[in-house]
Novice: 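Structure below; questions to follow.
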Amino acid sequence: MSLDKTYFEQMEAKIPHGRVRTRFAPSPTGYMHVGNLRTALYTWLIARSHGGDFILRIEDTDQGRYVDGAVDVIYRTMAECGLTHDEGPDVGGPVAPYIQSQRRDTYGKYARLLVEKGGAYYCFCEKTESEEDSGDFDRAADPCRDLPLEEAERRVAAGEPYVIRQRIPAEGVTTFHDAIFGDITVENSTLDDQVLMKRDGLPTYNFANVIDDHLMGITHVVRGSEYLSSAPKYDLLYHAFGWEVPTYVHCSPVMRDAQNKMSKRHGDPSYEDLKAQGYLTEAILNYVALLGWSPKGDLAEQEIFDLEGLTRAFDITGISKSPAIFDRAKLDHFNAVYLRSMEPAAFARAAEPYIRQSVQNPAYDPAAIAALLQARCERLTEIPEKVDFFDALPEYPVDFYTNKKSKTNPEVCARMLEAAIPMLEALPDWTDESIHDGLVNLAASLEVKNATLMWPVRIAAAGKLVTPGGAVEICRILGREETLRRLRQGLSMLTAC
């Protein structure tokens, strides 16, 4: 089976050179978990910080795990996060196609080329029925390793089923370099002759990665540290082909806790889950960037970075060897910082759908309610519960009127509401300023602290101990009529005690 050398020359001629090229290569399984998002972000940052190219490649050779609509999830997540790609299935590029299942013939040709070069061999053994699980494969007992190429090709031509396995040297060591972990040396005797091409003609993940990375001119390969054990085999493949080895960047895992990696099986959140839980994309990206990476020099103490800032600050040397633990409280902190830094109009737009989940009365302006929330909110999903009292006053116990700090109890609060109701009813206009001044002046005339008067007014108006705004703002948004109705209802509760 002679190979067309012109084909390989043409493929080599297409490879871009002379600039940093990285790729994000997710599998379409329908779920962009936090670790995947971090890999995409670091890969994008390496390309952008060096003025290079960022490529999106879809790795769908494992058809058993393919999920309909998963590619759309990938596109949507990348777009929302601002991780724009220069080449990919949807935009094309000089080394298309960018979907592995559309490159099937390419892998077969390069597998046969590797056989000719002595780096692989045809395996006809019965054990290859479970070719994807080759960890217990005894290469010393495999007669196919020593089968003459002519005989192997004759059997292939005769239609015998086979896989193509990598020929790992029986002795010696393989040393590879990783940008994070340095030089790592392994005994070749510990490596198995992994399957490169399966019986169905599709490549295994490990083989397709090497072929695509070379043919796409990838200079930096970012992946999880769980692939460190496969890196020696990748190295041997590159050397067997006579190709330059890219820079490996193996990132330690993102952990749920000190013992367990994050996973969908355990209910850990994907990017879309975090969005649905009320986190902003910018906050998610900022936090994910710091899961295993830290800035250097003058920026060492900085935590808040937008994408542009990350691009300027990012350097591979800042990636840690240690696993990173996903801390929900820390993410809450980042999200609160981003929410509070938004322009008020932008926050109001983001908050409105959540406000309207519980405040459906069109008389209440969602922008006015949003103004109360911006400094008092960590996640957007907290909003409906915080503001549900606007539509309907909740039932609440009389105990709410007792507050030591404000020096209130039911008797004191009854006296405060008896004085506040006619004063509020007589105000010439209903604004923050007039309500505030009226209450402050009333407190002075009653010879009590402002809090002693404000506490019962706020409790009666909202029916909650904790509210996103004070008595003045809540009364102004509720309007005069509704405020007075609620205060009278509160007074009735107090006088009935």
Side-chain angles (χ1 to χ4, degrees), residues 333 336 339-340 344 347 351 355 358-359 363-365 367-378 382-383 385-497:
H333 163 71
L339 287 172
R340 288 162 196 168
F347 177 81
I355 292 171
S358 58
V359 184
Y364 297 135
D365 178 10
I369 296 174
L372 306 184
L373 294 162
Q374 189 164 5
R376 302 174 176 91
C377 183
E378 289 188 334
E382 296 173 350
I383 290 175
E385 186 179 3
K386 286 179 179 290
V387 300
D388 56 2
F389 66 86
F390 281 106
D391 255 16
L393 183 68
E395 292 186 9
Y396 62 96
V398 73
D399 296 350
F400 279 16
Y401 285 104
T402 300
N403 183 270
K404 289 183 180 180
K405 188 176 180 181
S406 299
K407 297 182 178 180
T408 62
N409 58 35
E411 183 180 353
V412 170
C413 289
R415 187 163 63 90
M416 295 298 105
L417 291 182
E418 283 176 345
I421 290 170
M423 183 277 296
L424 292 171
E425 193 171 23
L427 284 178
D429 48 38
W430 197 255
T431 63
D432 281 349
E433 185 178 6
S434 63
I435 296 169
H436 173 271
D437 291 349
L439 289 171
V440 168
N441 292 335
L442 179 60
S445 69
L446 294 172
E447 298 183 343
V448 297
K449 291 184 177 181
N450 291 341
T452 304
L453 177 60
M454 297 289 190
W455 182 269
V457 170
R458 186 177 63 83
I459 294 298
K464 286 192 169 190
L465 288 172
V466 179
T467 55
V472 172
E473 298 96 335
I474 291 171
C475 290
R476 187 251 306 161
I477 293 172
L478 284 172
R480 192 193 307 260
E481 182 179 345
E482 179 63 14
T483 296
L484 292 171
R485 186 188 72 80
R486 293 186 181 197
L487 266 56
R488 292 186 183 109
Q489 183 176 326
L491 179 58
S492 296
M493 175 194 293
L494 291 166
T495 54
C497 292

Novice: Tell me every residue that passes salt bridge (charged side-chain N to carboxylate O under 4.0 Å, His left out) with Lys464, counting only those two or more places apart in sequence or in another chain.
Specialist: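 Once residues adjacent in sequence are excluded, the partners of Lys464 under the salt bridge (charged side-chain N to carboxylate O under 4.0 Å, His left out) criterion are Asp388.
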Novice: Under the side chain to side chain contact (heavy atoms under 4.5 Å, CB included) test, which residues partner Ala444, sequence neighbours left out?
Specialist: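 Not a single residue meets the side chain to side chain contact (heavy atoms under 4.5 Å, CB included) criterion with Ala444.
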Novice: Do Lys386 and Val466 have side chains that get closer than 4.5 Å, going by heavy atoms?
Specialist: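 Counting from C-beta outward, Lys386 and Val466 never come under 4.5 Å.
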Novice: For Arg415, give me all partners under side chain to side chain donor-acceptor pair (under 3.5 Å), at least two apart in sequence or on another chain.
Specialist: none
Novice: Under the ring pair (Phe, Tyr, Trp, His ring centres under 6.0 Å) rule, what pairs show up with a residue in residues 395-416, not counting sequence neighbours?
Specialist: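 Pairs touching residues 395-416 that pass the test: Tyr396-Tyr401.
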Novice: Taking salt bridge (charged side-chain N to carboxylate O under 4.0 Å, His left out) as the definition, give me every residue that meets it alongside Asp432, ordered by chain and number, with sequence neighbours left out.
Specialist: Arg476
Novice: Please name all residues satisfying side chain to side chain contact (heavy atoms under 4.5 Å, CB included) with Asp365, sequence neighbours left out, ordered by chain then number.
Specialist: Ala367, Ala368
Novice: Hey, are the side chains of Ser445 and Leu442 touching, using non-hydrogen atoms and a 4.5 Å cut-off?
Specialist: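 Yes, their side chains come closer than 4.5 Å.
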Novice: If you look only at pairs with a residue in residues 395-412, which of them pass as a salt bridge (Lys or Arg N to Asp or Glu O under 4.0 Å), with sequence neighbours excluded?
Specialist: none
Novice: By side chain to side chain contact (heavy atoms under 4.5 Å, CB included), which residues pair with Ala370, not counting sequence neighbours?
Specialist: Phe347, Ala348, Ala351, Ile355
Novice: Which pairs with one or both residues in residues 410-457 pass ring pair (Phe, Tyr, Trp, His ring centres under 6.0 Å), sequence neighbours excluded?
Specialist: none
Novice: I need the Glu378 CD to Leu339 CG distance, nearest 0.5 Å.
Specialist: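 Nearest 0.5 Å value for the CD-CG distance: 9.0 Å.
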Novice: How long is the gap from OG1 on Thr467 to CD1 on Ile474, to the nearest 0.5 Å?
Specialist: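 The OG1 atom of Thr467 sits 3.5 Å away from the CD1 atom of Ile474.
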Novice: Which donor-acceptor pairs under 3.5 Å do side chains of residues 416-424 form with protein atoms, sequence neighbours excluded?
Specialist:
none

Novice: Just to verify, what does Arg340 make a side chain to side chain contact (heavy atoms under 4.5 Å, CB included) with, not counting sequence neighbours?
Specialist: Ala336
Novice: Taking only distance into account, with no hydrogens and no angle test, what donor-acceptor pairs under 3.5 Å do side-chain atoms of residues 486-497 form with protein atoms, sequence neighbours excluded?
Specialist:
unit_1: Arg486; atom_1: NE; unit_2: Glu482; atom_2: OE2; d: 2.6
unit_1: Arg486; atom_1: NH1; unit_2: Phe389; atom_2: O; d: 2.8
unit_1: Arg486; atom_1: NH1; unit_2: Ala461; atom_2: O; d: 2.8
unit_1: Arg486; atom_1: NH2; unit_2: Phe389; atom_2: O; d: 3.0
unit_1: Arg486; atom_1: NH2; unit_2: Phe390; atom_2: O; d: 3.0
unit_1: Arg486; atom_1: NH2; unit_2: Glu482; atom_2: OE2; d: 3.3
unit_1: Arg488; atom_1: NH2; unit_2: Glu425; atom_2: OE2; d: 3.1
unit_1: Gln489; atom_1: OE1; unit_2: Arg485; atom_2: NH1; d: 3.4
unit_1: Ser492; atom_1: OG; unit_2: Arg488; atom_2: O; d: 3.0
unit_1: Thr495; atom_1: OG1; unit_2: Leu491; atom_2: O; d: 3.0
unit_1: Thr495; atom_1: OG1; unit_2: Ser492; atom_2: O; d: 3.2

